[in-house]
There are 2 protein chains.
Amino acid sequence: MDTQLRKGILDVCVLMAIKNEDSYGYKIIKDLSDVIKISESTLYTILKRLEEGEMLIVRSTEYEGRIRKYYHITQVGIQRIEEFKKEWGEIKKVYAFITGDK
Amino acid sequence: MDTQLRKGILDVCVLMAIKNEDSYGYKIIKDLSDVIKISESTLYTILKRLEEGEMLIVRSTEYEGRIRKYYHITQVGIQRIEEFKKEWGEIKKVYAFITGDK
DNA sequence: CATAATACATCGTATCACATAGTATTGTTA
DNA sequence: TAACAATACTATGTGATACGATGTATTATG
């Protein structure tokens, strides 16, 4: 998929990946792989961004001797998903224009 | 609409705006305004980019004493629109994931 | 005569996806 | 047991894109 088209939707995909259950980096990539491929560099950048935007909180837990960071969605994060759904309405309108379905 | 979501679709919108009939900067903005708002700075950046990508050709015509640039879509430009339509299939899949329509 | 509308151009900035590279541990397999 | 894949996270640099701000110049309108 075109890089530009991914912009703005990857964040929301990551939020969806942790919405129902706290998750960690590697698992998020695996879970999303069927829907959309995200490289590690991209994901960890997104996670940091989402943390700064207070859309998730991080909990470092020890798992089998190594530290694993669990990401937990916040209310702001959930709101972000809802906002995206609204924005999608506009995007669909644009797509209808492009395809000529008017 | 979120800036990031616009990335990648604005180009195609501009191509659509000149697809059926050659047009010029100001008219393109007006014609698209119902569907998607594009500022002048953004549009002229896009037009230049599309020209460099050989998706359109430019013809400077004199109109009422002033030079007006008419943009004409090329075969490459038409192909770009078709590619976008294909990519849309993937985007819809991602959206289905986000909304939970699976 | 001032203001809006028309028409195009340039510069700088912020955001984002991503390649590349590095660190470190655990599990597997030849 | 040495090599390698898989797991897990971090840091740096780059290119593409949208867009605000600003500037120029003409025509139409009130």
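Naming convention: chains lettered A, B, ... in sequence-line order (proteins, then strands); numbering from 1 in each chain. Quick note: numbers below take in every heavy atom, side chains included, and nothing from hydrogens, waters or symmetry partners. Note that the coordinates shown come from a computational prediction; the quantities given were computed from them, not determined experimentally.
- Whole-Å rounding puts the A/Tyr24 OH to D/dT10 P distance at 15 Å.
- Checked for salt-bridge contact, B/Asp11 and B/Arg49 meet the test: a charged N lies under 4.0 Å from a carboxylate O.
- Looking at the side chain of B/Ser39, the nearest of the listed nucleotides D/dT17, D/dC19, C/dA17 is D/dC19.
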- Message: Evaluate A/Asn20 against A/Ile73 for side-chain contact (heavy atoms from CB on, under 4.5 Å), listing each step before the verdict.
- Response: CA-CA 9 Å; A/Asn20 295 323; A/Ile73 198 166; over 6 Å; no
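- At least one side-chain nitrogen or oxygen of A/Arg49 sits closer than 4.0 Å to the OP1 or OP2 atom of C/dA17.
- At least one side-chain nitrogen or oxygen of B/Tyr26 sits closer than 4.0 Å to the OP1 or OP2 atom of C/dT6.
- For B/Tyr44 and C/dA9, the shortest distance from a side-chain N or O to OP1 or OP2 is not below 4.0 Å.
- For A/Glu40 against D/dC9, a side-chain-to-base donor-acceptor contact under 3.5 Å is present.
- Remark: side-chain polar atoms of B/Arg6 are paired, donor with acceptor, to backbone N or O of B/Lys37 under 3.5 angstrom.
- A/Thr3 comes within 4.0 angstrom of the backbone, heavy atoms only, and of no base.
- With D/dT7, C/dA17, D/dA18 as the choices, the nucleotide that has an atom nearest any side-chain atom of A/Lys30 turns out to be D/dT7.
- Separating the CZ atom of B/Arg6 from the P atom of C/dC16 is a distance of 15 Å, rounded to the nearest angstrom.
- Atom CD of B/Glu83 has more than 12 heavy atoms from other residues, nucleotides or ligands within 6.0 Å.
- Under 3.5 Å, the side chain of B/Ser41 and the base of D/dG20 form at least one donor-acceptor pair of N or O atoms.
- More than 12 non-hydrogen atoms from other residues, nucleotides or ligands lie less than 6.0 angstrom from NZ of B/Lys85.
- Whole-Å rounding puts the B/Lys7 NZ to C/dT15 C1' distance at 5 Å.
- Among the nucleotides C/dC18, D/dA18, C/dA7, the one closest to any side-chain atom of B/Leu10 is D/dA18.
- A donor and an acceptor atom never sit less than 3.5 Å apart when one is taken from the side chain of B/Gln4 and the other from the base of C/dC16.
- Between B/Lys48 and C/dT10, a side-chain N or O to OP1/OP2 separation shorter than 4.0 Å is present.
- In this structure, NZ of B/Lys27 is placed 16 Å from C1' of C/dA5, rounded to the nearest angstrom.
- Rounded to a whole Å, the CG atom of A/Leu50 is 14 Å from the P atom of C/dT15.
- Computed from coordinates, the B/Leu47 CG to D/dA18 C1' distance equals 14 Å when rounded to whole Å.
- Residue A/Leu5 contributes atom CG, which lies 11 Å from atom P of C/dC18 at whole-angstrom precision.
- Between the CD1 atom of B/Ile38 and the C1' atom of C/dC8 there is a distance of 15 Å, given to the nearest Å.
- For B/Lys69 and C/dA9, the shortest distance from a side-chain N or O to OP1 or OP2 is below 4.0 Å.
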